[in-house]
Amino acid sequence: MDMKRFRRPQQPTFPVRRGEPAPGAANERKLGAGIPRLGLLLVACLMLLPLLVVVVVSGARRRTYPEPIIGSGGAGEGSELDGRVRNGSEDGFSTTSKIQRDRLLGGLLSAGFDEESCLSRYQSVLYRKDTGRLPSAYLVEKLREHEALQRKCGPNTVYYKKALKQLKSGQGIETADCNYLVWISYNGLGNRILTGASAFLYALLTNRVLLIDRGADMANLFCEPFPGTSWLLPLDFPVDQFRGFNISTPTSYGNMVKNKLLNNNAGHSTVESLPAYIYLHLDHDYGDYDKLFFCEDDQKVLEKIPWLILHSDNYFVPALFLIPSYEDELHRLFPEKDTVFHHLGRYLYHPTNRIWGLITRYYQSYLAKADERLGIQIRVFDSGTDQHVFDQILTCSFNKKLLPFISPQENIAPITNVRSKAVLMTSLSSGYYEKLRNMYWEHPTANGEIISVYQPSSEAYQQTEKQTHNMKAWAEMYLLSLTDELVTSAWSTFGYVAQGLGGLKPWIMFKPANKTMPDPPCQQVISMEPCFHAPPFYDCKAKRGADTGALVPHVKHCEDVSWGLKLVDQKE
């Protein structure tokens, strides 16, 4: 494929008023008085040559983009996007305002970035099919407002320095120019991506600046999401021990309420009695007092504290929808309740150029030419390759017509117009990939379909703190999100990220028990939203235990974690 085509320079034209000679006509007559016509044409060509050189050079300097490399199974050949790029502008983005909206994901993204610094931000539209799930106009408006807040109060600004001084003093103040939420980088990459999105939504709801702990690799994995500023917490942040915060930390909100060092009644909490910062422990092991974070009265106390430091490995968004004071705002932001991570994930998380290269090279090499792409994400908690897991993959894929059966008879007759399907598998083990690949290599399919099986990496075990491991993991999550159909594993945040970014409702394989394949082996989820694995079971208004999956119609229990919570669209 020619990736560097440029527009053909066109002969410049000039507007001509009726009854007037064209520019240069008088000079042509003057020159032609004693020169043959052939000589006249030669002179004219020599005069136009410098102009043509300028047009060609300026055209070559224009930013160009590759054509979509999406096969006919997705939003590629024959689609509106494909037609625009192939038949319209060569860069695919400059012909109409609709194309501009496409590359900005319906207004989700800001146009105020240097494109070369993060190629994935505006090129992702060329690879992922359109789900038709556009962000609300209100969400777009709030994102632009939040970007302005991040620029006003972000690192190295006057307001940030003022807030730091107040943090070091340890005392609360009557009014703060800027309030902050500091997110601690923790746990595996899938958990970090989901928790980061949760933290951002909370910052959006409470008008706080979001600053993230860069950890070992956050800056190398993701581009900056906010134009004109950084979301990375400066290295000289004064609370340098925050990475060691845990459930026992005395300054946690839960412990301060439990030990009566903090009054969680907003009417009795004065500024003088409040600290400059509070630690929020929302990890999977959090206690009952920590879970008061999700109560409205406690939120009224927390809103008075300038600095909140958050430690979590949960996608806690569903519980925010249970807080009455946020209900109207969340409804305006997300009229379609099952699109929260789909929109926030695509807004926040853009692969850096190095990782974008891994993604695009792999896609073009193995997935682009297939008529259809199937993603299979396998997460098992035992080492090795288990036969019952492989049987579960096959049974689910066959029953749901995601993969064709193999034929007992060889058919070597040439077949024309045969369909092809690329299967992208991700797993820490290579055993499942090898079994599936060999099965379709050694046997023809019953329907004549050509099946190709690929697996980018097999790392053997999760290596949370290893940068190259996380780079591959992020690339594979993203590649899975570019498929047309998806099979995922229960409890896996890796799969949640892929389905949310891609706007997919995957077939989720239930967790096996006693090395036995579950029956049924899988079920299609009712919502592309991730699952909150450790929700509170408490009715804040009634002040008693309650099934939080039955309080509002758009928060239900998850398919794979029966006690977990997830957002669903009420129309589903």
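Keep in mind that this is a model prediction, so the values were computed, not measured.
Side chain of Y315 to main chain of A197: no donor-acceptor pair is present (N/O by atom type, distance under 3.5 Å, no hydrogens or angles). Judged purely by atom type and a 3.5 angstrom limit, S136 has no side-chain atom pairing as donor or acceptor with the backbone of F334. The main-chain N or O of G564 is found under 3.5 Å from a side-chain atom of H557 such that the two form a donor-acceptor pair. Within the 3.5 Å criterion, the main-chain N or O of S252 finds no donor-acceptor partner in the side chain of T249. Side-chain N or O atoms of Y286 include one that pairs as donor or acceptor with a backbone N or O of A534 at under 3.5 Å.
Between K337 and E529, no side-chain nitrogen of the basic residue sits less than 4.0 Å from a carboxylate oxygen of the acidic one, so the salt-bridge criterion is not met. Under 4.0 Å is where a charged nitrogen must lie from a carboxylate oxygen, and between R144 and E147 at least one such pair does. Under a 4.0 Å N-O distance rule, the pair R243/D213 qualifies as a salt bridge. Under 4.0 Å is where a charged nitrogen must lie from a carboxylate oxygen, and between D313 and R192 no such pair does.
Residues Y538 and F294 form no side-chain contact, since every pair of their non-hydrogen atoms from C-beta on lies 4.5 Å or further apart. Looking only at side-chain heavy atoms (C-beta outward), L302 and F293 come within less than 4.5 Å of each other.
Taking the ring axis of Y159 as reference, the NZ or CZ atom of K152 stays within 45° of it and closer than 6.0 Å to the ring centre. Under a cutoff of 6.0 Å and an axis angle of 45°, R373 and Y454 do not form a cation-pi pair. Figure legend: R208 and Y180 shown without cation-pi pairing, the cationic atom not lying both under 6.0 angstrom from the six-membered ring centre and within 45 degrees of its axis.
A donor and an acceptor atom, one from each side chain of H331 and E327, are nowhere located under 3.5 Å apart. D283 and S312 share no side-chain donor-acceptor pair at under 3.5 Å. Side chains of R128 and S481: a donor on one and an acceptor on the other come within 3.5 Å. Counted by atom type alone, S492 and Q377 present one or more donor-acceptor pairs between their side chains at under 3.5 Å. A donor-acceptor contact closer than 3.5 angstrom is absent between the side chains of N255 and Y279. A donor atom on one side chain and an acceptor atom on the other are found under 3.5 Å apart for H533 and Y496. With hydrogens and angles left out, the side-chain atoms of S230 and E224 include a donor and acceptor closer than 3.5 Å. Side-chain contact, Y277 with Q166: no donor N or O sits under 3.5 Å from an acceptor N or O.
Atom CG of D285 sits in a crowded spot, with more than 12 heavy atoms from other residues, nucleotides or ligands closer than 6.0 Å.
If you take CG on D217 and OG1 on T352, they are separated by 10.0 Å, rounding to the nearest 0.5 Å. Distance CG/N220 to CD1/I355: 7.5 Å, rounded to 0.5 Å. In this structure, Y326 OH and L333 CG are separated by 12.5 Å, a value rounded to the nearest 0.5 Å. Taken to the nearest 0.5 Å, the CG atom of L486 stands 7.0 Å off from the CD atom of Q499. Here L480 contributes atom CG and I376 contributes atom CD1; the two are 10.0 Å apart, rounded to the nearest 0.5 Å. With values rounded to the nearest 0.5 angstrom, L280 atom CG is found 9.0 Å from D290 atom CG.
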K300 and E303: CA distance, side-chain angles, deciding distance, salt bridge (Lys or Arg N to Asp or Glu O under 4.0 Å) verdict: CA-CA 5 Å; K300 290 179 180 177; E303 71 182 13; over 6 Å; no
Checking W356 against R121 for the side chain to side chain contact (heavy atoms under 4.5 Å, CB included) test, could you report, in this order, the C-alpha distance in whole Å, the side-chain angles of both residues, the deciding distance, and whether it holds? CA-CA 10 Å; W356 188 238; R121 190 187 314 277; over 6 Å; no
Under the side-chain hydrogen bond (donor to acceptor under 3.5 Å, both in side chains) criterion, do S457 and E476 qualify, and how do the steps go? CA-CA 9 Å; S457 71; E476 291 182 12; 2.3 Å; yes
As a quick check of understanding, evaluate salt bridge (Lys or Arg N to Asp or Glu O under 4.0 Å) for K258 and D288, giving each step before the final call. CA-CA 9 Å; K258 179 181 178 181; D288 292 339; over 6 Å; no
After noting the C-alpha distance and the side-chain angles of L308 and Y202, does the key distance pass the side chain to side chain contact (heavy atoms under 4.5 Å, CB included) rule? CA-CA 11 Å; L308 301 179; Y202 181 66; 3.9 Å; yes
Pair V182-W307, side chain to side chain contact (heavy atoms under 4.5 Å, CB included): steps then yes or no: CA-CA 7 Å; V182 176; W307 289 87; 3.9 Å; yes
Derivation of the side chain to side chain contact (heavy atoms under 4.5 Å, CB included) call for V257 and L292: CA-CA 9 Å; V257 172; L292 293 175; 4.3 Å; yes
As a quick check of understanding, evaluate ring pair (Phe, Tyr, Trp, His ring centres under 6.0 Å) for F537 and W563, giving each step before the final call. CA-CA 9 Å; F537 294 97; W563 59 87; 8.6 Å; no
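Taking the six-membered ring where tryptophan is involved, the planes of F245 and F242 are perpendicular, since the angle between them exceeds 60° and thus also 30°.
Across all non-hydrogen atoms, the minimal contact from L233 to R214 is O-NH2, 3.0 Å. Contact between P238 and L164 at its shortest, heavy atoms only, is CD-CD2, 3.5 Å.
When the options P535, C540, P536 are evaluated for a side-chain contact (heavy atoms from CB on, under 4.5 Å) with K291, the one that passes is P536. For the side-chain contact (heavy atoms from CB on, under 4.5 Å) test with S198, the passing option among I193, V317, L344 is V317; the others fail.
Taking the six-membered ring for Trp and the full ring otherwise, H281 and Y253 have centroids separated by 6.0 Å or more. Taking the six-membered ring for Trp, H146 and F226 have ring centres closer than 6.0 Å. Under the 6.0 Å cut-off for aromatic ring centres, W183 and F200 do not qualify, their centroids lying 6.0 Å or more apart.
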